[in-house]
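All of these numbers come straight from a predicted model, not from anything done at the bench.
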Amino acid sequence: MGFPERVYTVEEVKKARALIAKGYKHRLRVVGSQDFKRKVKEALKLIKAAKYYSFLRTYIRQIREIGGLSQLREAEVAIWANKYAVADPIEVASFIIQKAQQMKDFIEGKLYYDKGEIGAVKKRIEFLETLRDTIKDQAVKKKCEENLKRWAELTFP
């Protein structure tokens with residue numbers, strides 16, 4: 001029993017949820033230009049350093065380069081990102097984790113329309129804090145701190 005090709009219908013969501021509950025992990029694919037792949041792989045190194053790679057592979061199967069707006073594509077279990085979204089490895093790493101949390105919420109049946117992306121943004125902030133606290137590279141620590149200060153300006157209930 002493989003993971004559904006798409007996750008759109010009630011049956012497909014239930015199948016995905018059941019497989020994830022049994023420990024299913026995707027073989028993450030990065031699709032796009034060589035430059036896009038290189039930049040996403042830099043972000044994936046940071047995700048691995050913060051020990052979030054298993055979480056990512058649970059909920060996302062593909063990160064694809066597109067020409068339009070960067071977004072989660074729930075039915076495809078994929079993140080679409082444009083070349084500008086992947087310019088900063090720390091920013092894209094936290095964006096990827098935010099979208100993985102959003103996919104988790106979708107599969108678990110949590111209402112997105114109730115509180116929007118608050119939970120996903122909180123996961124992004126948690127990731128940035130974890131990366132800052134675990135990485136040895138001082139430049140990465142500093143950039144995490146800058147991003148955290150920017151996110152702290154937002155208010156959540």
Answer yes or no: is there an ion pair linking [X] with [Y], defined by an N-O contact shorter than 4.0 Å?
| X | Y | result |
| --- | --- | --- |
| Arg6 | Glu12 | yes |
| Asp88 | Lys143 | yes |
| Lys123 | Glu126 | yes |
| Glu91 | Arg124 | yes |
| Lys141 | Asp137 | no |
| Arg38 | Glu42 | yes |

Can you give me the closest heavy-atom contact between [X] and [Y], atom names plus distance?
| X | Y | result |
| --- | --- | --- |
| Met103 | Tyr59 | CG-O, 3.1 Å |
| Ile90 | Leu128 | CG2-CD2, 3.8 Å |
| Arg61 | Pro4 | NH2-O, 3.0 Å |
| Ala50 | Thr134 | CA-OG1, 4.0 Å |
| Val86 | Ala81 | CG1-CB, 4.2 Å |
| Ala49 | Ile135 | CB-CD1, 3.8 Å |

Give every residue pair that meets the ring-ring contact (aromatic ring centres under 6.0 Å, His included) criterion with at least one member in residues 74-94, sequence neighbours excluded.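 Every pair satisfying ring-ring contact (aromatic ring centres under 6.0 Å, His included) with a residue in residues 74-94: there are none.
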
Pairs touching residues 87-109 that satisfy ring-ring contact (aromatic ring centres under 6.0 Å, His included), sequence neighbours left out: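 Every pair satisfying ring-ring contact (aromatic ring centres under 6.0 Å, His included) with a residue in residues 87-109: there are none.
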
Would you say the side-chain atoms of Asn82 pair up with the backbone N or O of Ile66, donor to acceptor, closer than 3.5 Å?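 It does not hold such a pair.
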
Return the orientation label for the Phe3 and His26 ring planes: parallel under 30°, perpendicular over 60°, tilted otherwise.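 The rings of Phe3 and His26 stand perpendicular, inter-plane angle above 60°.
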
Is it the case that more than 12 heavy atoms not belonging to Lys83 sit under 6.0 Å from its NZ atom?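 Not more than 12 within 6.0 Å, no.
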
Mind running salt bridge (charged side-chain N to carboxylate O under 4.0 Å, His left out) on Glu11 and Lys15 for me, showing each step along the way? CA-CA 6 Å; Glu11 294 79 25; Lys15 185 176 181 182; over 6 Å; no

How about Lys99 and Gln102: does a side-chain donor come under 3.5 Å of a side-chain acceptor?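 Looking only at side-chain atoms, Gln102 and Lys99 do form a donor-acceptor pair, the distance falling under 3.5 Å.
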
Starting from the C-alpha separation in whole Å, work towards a yes-or-no answer on side-chain contact (heavy atoms from CB on, under 4.5 Å) for Val121 and Gln98. CA-CA 6 Å; Val121 169; Gln98 177 179 341; 3.7 Å; yes

Rounded distance [0.5 Å steps], CZ in Arg17 versus NZ in Lys22: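 Answer for the CZ-NZ pair, Arg17 versus Lys22, is 13.5 Å.
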
Would Val140 and Phe127 show up in the same hydrophobic cluster when neighbours are defined by side-chain heavy atoms closer than 4.5 Å?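 Yes, Val140 connects to Phe127 through the hydrophobic network.
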
